[in-house]
2 protein chains.
Amino acid sequence: MSSCQTVADPRVQALVNDLIGRVADKWTMLILDVLAEQGTLRFTQIGTAVPGISQKMLTQTLRQMERDGLITRTIFPVVPPRVEYALTDLGLGLGAAFCGVWLWAEANLQRIDVARTAFDARAAV
Amino acid sequence: MSSCQTVADPRVQALVNDLIGRVADKWTMLILDVLAEQGTLRFTQIGTAVPGISQKMLTQTLRQMERDGLITRTIFPVVPPRVEYALTDLGLGLGAAFCGVWLWAEANLQRIDVARTAFDARAAV
DNA sequence: CACTTTGGTTACCGTCGGGAAGTAGGCACC
DNA sequence: GGTGCCTACTTCCCGACGGTAACCAAAGTG
C-alpha cells in the first residue's frame, strides 16, 4: 500500500487487506482473466476455459464475484438453461489492475523456475 | 493475458496460469505488501504486521516465497535466533505489479460494499 | 418412454489451514 | 544449578475448504 504512495489510515488499510484477501484468490483471478479476454461467456464455456476448475468451485466463485459486483449473471429462462456471465465495469477495472501481474508473470517465468530448481537443489543436500 | 495484448502461446499461457495460481494467494500478497512497505523484517515483525496470519502459515508461505525467489532469508546464528526476510528484485517487481490491484481495492472499497449489501438484500427475499 | 442438454446441488472424503502446545539452546536471575 | 525467557520454528489435533462423482429439473427429440 504505502509502497504505492497511499495514505495510511489504519481502518482503510484493514478494509483493503480484507478485500485483497477475498479477491486475491486463484480461481477468481483466472475467471476474471478469461472474462476480460473473451467477453461474455456461458457457464460451461468458462469451465472449459479455466483449466482444472471443478463445477463446484466454478459456481461458488462466480456467485462470490457476482456478490462483490465484479460480474453480472444473466439467466435466460429457456430449456436447457442458458446463463451468461459478463464483467461489470468494476470487474473490468480489477482486470486492468491485475494486468501488471500477468505481464510480470509472463516476463519472469524462467527466473522463477531457475530460483525454484536452485532452492530444491540446496534443500536436497 | 490477451486482455494485456500478449501473445497466446498455449504452453506459455498454461505456465503463466499455473504461476498466477501459486502467487495469487492471500497470505503471499499480504506478506509481499508489508515487505515492500517496510523493507527488511524479522519473522515476528511480519507476523504482527500481517493481521490474522498463523505462525504455521507464516513459515509455510515464507518458505514458498523463498523457493520462488521472491524473498531472501538470512539467518543470524545467535541466541535467541534472528532471521531476516527481504524482497529480492523479483519480489520487488511483483510488488510493483500488484500495486495497481491495491490502488483499485482502495478506490473501489465502497462500491464493492454497496454491491454486496444489494446482493444480500436480493438473496434474502 | 427413454435420452440429451445445461447449470447447477448434494454426499462423501481427502487435504489444507488455524490454534495451541512443544522444541532448541544459550543467557539471566535467584 | 535449576528455573525461567527469548525467537523461530515444528507438531498435533480438529474444523473447514475443495475435488469427485452422482443426482436433479424441465423441455425437446427419436
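Lettering follows sequence order; numbering is per chain, from 1. Because the structure is predicted, anything quoted here is derived from the model rather than measured.
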Query raised in the report: Among dG19(D), dG18(C), dG8(C), which nucleotide sits nearest the side chain of V83(A)?
Result: dG8(C)
Report summary line: K26(A) NZ to dC16(C) P, in whole Å, measures 11 Å
Report summary line: Comparing P80(B) with W27(B), nearest DNA chain C nucleotide closer to 5' gives the residue W27(B)
Query raised in the report: Which nucleotide in the set dT6(C), dG19(C), dG25(C) lies at the smallest distance from any side-chain heavy atom of V79(B)?
Result: dG25(C)
Query raised in the report: Any donor-acceptor pair under 3.5 Å linking the side chain of Q45(A) with the backbone of R42(A)?
Result: yes
Query raised in the report: In terms of side-chain geometry, is the basic nitrogen of D68(B) or R116(A) positioned less than 4.0 Å from the acidic oxygen of its partner?
Result: yes
Query raised in the report: dC12(D), dT20(D), dG7(C): which one has an atom nearest the side-chain heavy atoms of F43(A)?
Result: dG7(C)
Query raised in the report: How close or far is atom C1' of dT7(D) from atom CG of L62(B), stated in whole angstroms?
Result: 14 Å
Report task. For dG7(C), take OP1 and OP2 only and decide whether either is under 4.0 Å from a side-chain N or O of T44(A). Result -> yes
Query - Selected nucleotide, minimal atom distance to R42(A) side chain, candidates dT6(C), dC9(D), dT9(C) - result: dT6(C)
Report task. Would you indicate what F76(A) reaches in the nucleic acid, counting non-hydrogen atoms under 4.0 angstrom: base, sugar-phosphate, or nothing? Result -> nothing
Query raised in the report: Given L41(A) and E84(A), is the side chain to side chain contact (heavy atoms under 4.5 Å, CB included) satisfied, shown in steps?
Result: CA-CA 6 Å; L41(A) 289 177; E84(A) 287 186 350; over 6 Å; no
Query - Out of dT20(D), dT7(D), dC12(D), whichever nucleotide has its closest atom nearest the side chain of K56(A) - result: dT20(D)
Query raised in the report: Taking the inter-plane angle between the rings of F98(B) and F98(A) on a 0 to 90° scale, is it parallel (under 30°), tilted (30 to 60°) or perpendicular (over 60°)?
Result: perpendicular
Query raised in the report: Nearest to the side chain of Q55(A) - dA11(C), dT11(D), dG8(C)?
Result: dG8(C)
Query raised in the report: For DNA chain D, what residues of residues 63-75 of chain B have any heavy atom nearer than 4.0 Å?
Result: R63(B), R73(B)
Query - Cationic N near anionic O, under 4.0 Å, K26(A) to D25(B) - result: no
Query raised in the report: Whole Å only: how far is the CD1 atom of I46(B) from the P atom of dA8(D)?
Result: 9 Å
**Report entry** Nucleotide dT7(D), atom C1' - distance to OH of Y85(B) in whole Å
**Finding:** 11 Å
Query - Contact nearer the 5' end of DNA chain C, comparing R82(A) with P81(B) - result: R82(A)
Query raised in the report: What is the distance from CG of L58(A) to C1' of dT6(C), rounded to the nearest Å?
Result: 13 Å
Query raised in the report: Of the nucleotides dC9(D), dT7(D), dG17(C), which one has an atom closest to the side chain of M57(B)?
Result: dG17(C)
Query raised in the report: In whole angstrom, what separates Q60(B)'s CD from dT15(C)'s C1'?
Result: 12 Å
Query raised in the report: Can you check the I53(B) CD1 to dC16(C) C1' distance for me, whole Å?
Result: 14 Å
**Report entry** From CA spacing to verdict: side chain to side chain contact (heavy atoms under 4.5 Å, CB included), Y85(B), T40(B)
**Finding:** CA-CA 6 Å; Y85(B) 296 91; T40(B) 301; over 6 Å; no
Query - Salt-bridge criterion met for R111(B) and D89(A) (N-O under 4.0 Å) - result: yes
Requested in this report: Take atom CD of E84(B) and atom C1' of dC9(D), then tell me their distance rounded to the nearest Å.
Outcome: 17 Å
Query raised in the report: Can any side-chain N or O of T61(A) pair as donor or acceptor with the backbone N or O of L58(A) at less than 3.5 Å?
Result: no
